[in-house]
Amino acid sequence: MGAQLLLLGVEVGTSAVKAVLYDCTGEERFSVHCAVTLRTPRAGWIEQDAEELWQAFCTALRAVALGAAGQGRIAALALAAQAGSVTAVDAAGEPLMPFITWLDHRAQPIVERWVQEGRAAHIRRLSGWPPHAGLPLATLAWLAQQAPEVAMRAVRFLDVHSYLLQRLTGHPVTDFSSAAEMLLLERASAMWSEELCALAGVRPDQLPDLAQAGTGVGRLAPEAARATGLPADLLVVAGGQDQCCAALGMGVTEAGRPMLATGTAWVLTILTPDLAVEQLPESAALNFHVLPGLHTLSQLLGGFGAVIAWWMQMLWPEATDRFARWEAALESTSPGARGLRFAPMNGSAQLGAGRGGFVGLRLDHTRTEMVRALCEGMGYEVRWALETLSAAVALDKSKRVPLLLSGGATHSRGLMRLLADLTGHPVHGAPDINWPARGAAILAGVRAGLLGPDPGMAAHAWRRPMTEIAPDASFHAEYLESYADYRAIVSALQDSVLRSV
């Protein structure tokens, strides 16, 4: 009897590399987590060292290679990678600079100028994305202006996905879901746009090679096999953007299914057929899904995971059980937080970059009510975006399809219940499953011929149980009132910001 065949999915996130090994039934056999440092050399600059990322990636893969020993043979690998970060490499593939990450804001003046000149709407029509300071269209335009010596030496400008695949196989390949977030891809043709490239100061032939997610890229290069400890004949498959891979891993394979990712950033995504950009909300992004023929309509809600972590530190600076206290606060307080409202302080989809904070805070409010108000503010943003995106794709509101949750919020039953009650949608989540890595492994398994020909069918076969929380109808009226109150507060804050400009 031959060795059992295994599949490897690797999530390459903003703060860590997480590699997960699966058997062909979708059972997790081994996993490892390696942290990656974010560096801030100047205010608003947020970078990752490209060599450090590669070393963390290799460390994770070496651990997986050891973990697979005695269990079976790894047949294929694919990545679920952060999108929107970019580096420049020379002819040998060596990085000439750190990754400028999607969190970076050094190019904000360039984006503001595009808005003032009326170019932003045209950029969005071409790419499907509104211009953003942290994404490569603006980042590379900044590089051409502020670091021309690097731009002149660069042979390629690579995202995380293509950089790692080049080091693994020699082929700098990225898929459409990752490429689109560079804002250099023409959505209509699914090719690099001459016009957008010219705006960024690069040529299309300097960008990664394009492939459909699930395409075979090649076998490991000898140096990569030595660095990772993986077999030289390992099949490497094009994966995709981490959010899109997470959707596949969760079985979100049909139009009309909403998913909320709750990591450092909270992102609401709905699967849809292709749409005209003009019919979409201005701040929403239209992307390619990893499944052919499907697209994702996404809204970045805000850095809510970071807000929660910061407030835990502020409310209980000396405590070692902050999460338990946070959870207890949600369980012990009532909807509406006795009139206390909170608008996320670091900006949100609705508030933009405006300053938020508590509104209606009184001396008789407790820290537990502050926790509830914090979470309700984030929940109102989810509901607002869900209503906006649902209207854009003409979802039937009466169906109240489940909202699938991934990330940190799945560890909090209180927060899941709050989101269900506040949105009116059942909330489904599982706290201990790495959905992006799972989706990548499904793409790898289909390409290797181990999971059948259809990744959507494979995702359904790999489904795992989730906690399911139904909304409590008794809170409906109260949340309607507090939600209307929140929208009025945000509108007032937006007006005050505009008056101060």
Could you check Glu52, Gln48, Glu47 and say which one makes a side chain to side chain donor-acceptor pair (under 3.5 Å) with Arg39?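 Running side chain to side chain donor-acceptor pair (under 3.5 Å) over Glu52, Gln48, Glu47 with Arg39 returns exactly one hit, Glu52.
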Using a 3.5 Å distance criterion without hydrogens, assess whether the side chain of [X] forms a donor-acceptor pair with backbone atoms of [Y].
{"X": "Ser412", "Y": "Ala409", "result": "no"}
{"X": "Arg438", "Y": "Gly26", "result": "yes"}
{"X": "His289", "Y": "Thr296", "result": "no"}
{"X": "Thr410", "Y": "Ser406", "result": "no"}
{"X": "Trp192", "Y": "Pro208", "result": "yes"}
{"X": "Gln212", "Y": "Val290", "result": "yes"}
{"X": "Glu387", "Y": "Trp384", "result": "no"}
{"X": "Arg383", "Y": "Leu422", "result": "yes"}
{"X": "Thr87", "Y": "Met97", "result": "yes"}
{"X": "Glu28", "Y": "Leu21", "result": "no"}

Quiz question: by atom type and distance under 3.5 Å, do the side chains of [X] and [Y] form a donor-acceptor pair?
{"X": "Thr253", "Y": "His460", "value": "yes"}
{"X": "Gln299", "Y": "Thr388", "value": "no"}
{"X": "Tyr479", "Y": "Glu376", "value": "yes"}
{"X": "Thr269", "Y": "Ser298", "value": "yes"}
{"X": "Thr174", "Y": "Asp159", "value": "yes"}
{"X": "Asp104", "Y": "Thr101", "value": "no"}
{"X": "Glu11", "Y": "Asn434", "value": "yes"}
{"X": "Gln206", "Y": "Arg156", "value": "no"}
{"X": "His161", "Y": "Gln241", "value": "no"}
{"X": "Gln82", "Y": "Ser85", "value": "yes"}
{"X": "Thr14", "Y": "Trp102", "value": "yes"}

Considering all heavy atoms of both residues, which atom of [X] and which atom of [Y] are nearest to each other, and what is their separation?
{"X": "Leu7", "Y": "Ala444", "answer": "CD2-C, 4.3 Å"}
{"X": "Pro136", "Y": "Glu181", "answer": "CD-O, 3.6 Å"}
{"X": "Asn287", "Y": "Cys244", "answer": "ND2-SG, 4.2 Å"}
{"X": "Gly249", "Y": "Ile442", "answer": "CA-CD1, 4.3 Å"}
{"X": "Val10", "Y": "Ala440", "answer": "N-CB, 4.5 Å"}
{"X": "Ala19", "Y": "Val64", "answer": "CB-CG2, 3.6 Å"}

Got a salt bridge between [X] and [Y], using NZ or NE/NH1/NH2 to carboxylate O under 4.0 Å?
{"X": "Glu186", "Y": "Arg125", "answer": "no"}
{"X": "Lys18", "Y": "Asp242", "answer": "no"}
{"X": "Asp274", "Y": "Arg187", "answer": "yes"}
{"X": "Arg464", "Y": "Glu27", "answer": "yes"}

So [Y] and [X], do their side chains get closer than 4.5 Å, heavy atoms only?
{"X": "Val86", "Y": "Met182", "answer": "yes"}
{"X": "Leu77", "Y": "Leu79", "answer": "yes"}
{"X": "Arg219", "Y": "Leu234", "answer": "no"}
{"X": "Cys245", "Y": "Leu248", "answer": "no"}
{"X": "Asp454", "Y": "Val446", "answer": "no"}
{"X": "Leu451", "Y": "Trp462", "answer": "yes"}
{"X": "Leu386", "Y": "Leu268", "answer": "yes"}
{"X": "Val32", "Y": "Val17", "answer": "no"}

Glu282 atom CD, neighbour heavy-atom count above 12 within 6.0 Å: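 Open: at most 12 neighbouring heavy atoms sit under 6.0 Å from CD of Glu282.
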Qualifying residue, where the test is side chain to side chain contact (heavy atoms under 4.5 Å, CB included) with Val89 and the options are Gln166, Arg167, Glu94: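 Only one of Gln166, Arg167, Glu94 forms a side chain to side chain contact (heavy atoms under 4.5 Å, CB included) with Val89, namely Gln166.
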Euclidean distance, [Y] [atom2] relative to [X] [atom1], rounded to 0.5 Å:
{"X": "Thr139", "Y": "Leu135", "atom1": "OG1", "atom2": "CG", "value": "7.0 Å"}
{"X": "Leu418", "Y": "Cys375", "atom1": "CG", "atom2": "SG", "value": "6.5 Å"}
{"X": "Leu199", "Y": "Leu137", "atom1": "CG", "atom2": "CG", "value": "5.0 Å"}
{"X": "His428", "Y": "Leu403", "atom1": "NE2", "atom2": "CG", "value": "9.5 Å"}
{"X": "Leu419", "Y": "Ile469", "atom1": "CG", "atom2": "CD1", "value": "9.0 Å"}
{"X": "Met466", "Y": "Glu468", "atom1": "CE", "atom2": "CD", "value": "9.0 Å"}

Derivation and outcome, side chain to side chain contact (heavy atoms under 4.5 Å, CB included), residues Asp175 and Thr215: CA-CA 9 Å; Asp175 87 303; Thr215 301; over 6 Å; no
Answer yes if the ring centres of Trp142 and Trp45 are under 6.0 angstrom apart, and no otherwise.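 Yes.
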Under 6.0 Å between ring centres: does that hold for Tyr22 and Phe30?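 No - the distance between ring centres of Tyr22 and Phe30 does not fall below the 6.0 Å cut-off.
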Candidate pair Leu275 and Gln279, rule side chain to side chain contact (heavy atoms under 4.5 Å, CB included), full reasoning: CA-CA 8 Å; Leu275 298 169; Gln279 76 183 72; 3.7 Å; yes
Would Leu185 and Ser127 count as a side chain to side chain contact (heavy atoms under 4.5 Å, CB included) if you check the C-alpha gap in whole Å, the side-chain angles of each, and the deciding distance to 0.1 Å? CA-CA 6 Å; Leu185 190 74; Ser127 69; over 6 Å; no
Take Leu196 and Leu183 through the side chain to side chain contact (heavy atoms under 4.5 Å, CB included) test and state the conclusion after the steps. CA-CA 8 Å; Leu196 293 174; Leu183 273 69; 5.8 Å; no
Quick one: do Phe288 and His295 satisfy ring-ring contact (aromatic ring centres under 6.0 Å, His included)? Show the steps, please. CA-CA 4 Å; Phe288 294 89; His295 297 253; 5.2 Å; yes
Anything under 30° is parallel, anything over 60° is perpendicular, the rest tilted; go ahead and classify His105 against His132.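 Plane angle between 30° and 60°, so tilted.
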